[in-house]
**Student:** 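Take a look at the following structure, please.
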Amino acid sequence: MNAFELGARSVNPRMQTIVVFTDSWSDKAKEAAAANALLDQGCDILTMHVDSPATIIQTAEARGAMSIGFQSIEARRLAPRGWITGMGFTWASS
């Protein structure tokens, strides 16, 4: 989160990072509730560290917000208008 905050502030010094813990790696209901709560507070970009980013990315997309994905670069298909970027892993041998 510190790196995310510093990177975002290098672009917009007035930005704020708000962290929400769901106490789970995979709870779609809690993830959707957290995403909606942040969006209701005026957040315009969501990111996450969960097993599957689909719920948060789709919630952001449905509400017109942007998202930064995690775990799968293919998640960008879930947000054709709101996907900013993401990180993906390739575990195959070279």
Side-chain angles (χ1 to χ4, degrees):
M1 291 312 317
N2 291 338
F4 180 85
E5 172 86 13
L6 292 171
R9 283 192 182 246
S10 74
V11 176
N12 179 357
R14 298 180 327 146
M15 68 75 62
Q16 286 184 320
T17 299
I18 301 169
V19 179
V20 175
F21 292 94
T22 61
D23 297 320
S24 174
W25 287 110
S26 183
D27 186 324
K28 293 178 182 189
K30 285 183 179 180
E31 293 165 11
N36 280 308
L38 289 168
L39 294 166
D40 289 346
Q41 292 177 53
C43 291
D44 52 2
I45 301 172
L46 299 181
T47 191
M48 74 296 299
H49 187 82
V50 295
D51 280 346
S52 171
T55 299
I56 297 169
I57 290 170
Q58 289 173 318
T59 301
E61 180 79 356
R63 302 236 354 229
M66 307 297 281
S67 62
I68 298 171
F70 182 76
Q71 301 279 32
S72 171
I73 201 71
E74 296 306 316
R76 66 179 172 244
R77 294 180 187 165
L78 302 173
R81 294 178 315 276
W83 176 268
I84 296 174
T85 190
M87 176 176 65
F89 300 106
T90 301
W91 296 101
S93 60
S94 46

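Numbers for residues simply follow the sequence, beginning at 1.
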**Student:** Quick one: side-chain hydrogen bond (donor to acceptor under 3.5 Å, both in side chains) partners of Asn2, sequence neighbours excluded?
**Tutor:** none
**Student:** Identify whether Met1 and Met66 are in the same connected component of the hydrophobic contact network (ILVMFWY, side-chain heavy atoms under 4.5 Å).
**Tutor:** yes
**Student:** Mind checking the CD-CZ spacing from Gln58 to Arg63? Nearest 0.5 Å is all I need.
**Tutor:** 15.0 Å
**Student:** So, Glu61 side chain and Ile57 main chain: donor-acceptor pair closer than 3.5 Å or not?
**Tutor:** no
**Student:** With a 4.5 Å cut-off on side-chain heavy-atom distances among I, L, V, M, F, W and Y, is there a chain of contacts connecting Phe4 to Met48?
**Tutor:** no
**Student:** Using a cut-off of 6.0 Å, state whether more than 12 heavy atoms not belonging to Lys28 lie near its atom NZ.
**Tutor:** no
**Student:** Considering non-hydrogen atoms only, spot the tightest contact between Leu39 and Ala60 and give its length.
**Tutor:** CD1-CA, 4.2 Å
**Student:** Might you confirm whether atom CD of Glu5 has over 12 heavy atoms from other residues, nucleotides or ligands at distances under 6.0 Å?
**Tutor:** yes
**Student:** Please round to the nearest 0.5 Å and tell me the distance separating atom CD of Glu31 and atom CG of Leu46.
**Tutor:** 12.0 Å
**Student:** Same hydrophobic cluster for Val19 and Ile45, using side-chain heavy-atom links shorter than 4.5 Å among ILVMFWY?
**Tutor:** yes
**Student:** Provide the closest heavy-atom pair for Thr47 versus Ile68 in the form atom of the first, atom of the second, distance.
**Tutor:** OG1-O, 2.9 Å
**Student:** Rounded to the nearest 0.5 Å, how far apart are CD1 of Ile56 and OG1 of Thr22?
**Tutor:** 7.5 Å
**Student:** Considering only residues two or more places apart or on different chains, which pairs with a residue in residues 32-58 satisfy ring-ring contact (aromatic ring centres under 6.0 Å, His included)?
**Tutor:** Trp25-His49, His49-Phe70
**Student:** What pair of heavy atoms forms the shortest contact from Gln16 to Arg9, and how long is it?
**Tutor:** CA-NH2, 4.5 Å
**Student:** How long is the span from the OG atom in Ser10 to the CE atom in Met15, to the nearest 0.5 Å?
**Tutor:** 9.5 Å
**Student:** List, one per line, each side-chain donor-acceptor pair under 3.5 Å for residues 78-88, sequence neighbours excluded.
**Tutor:**
none

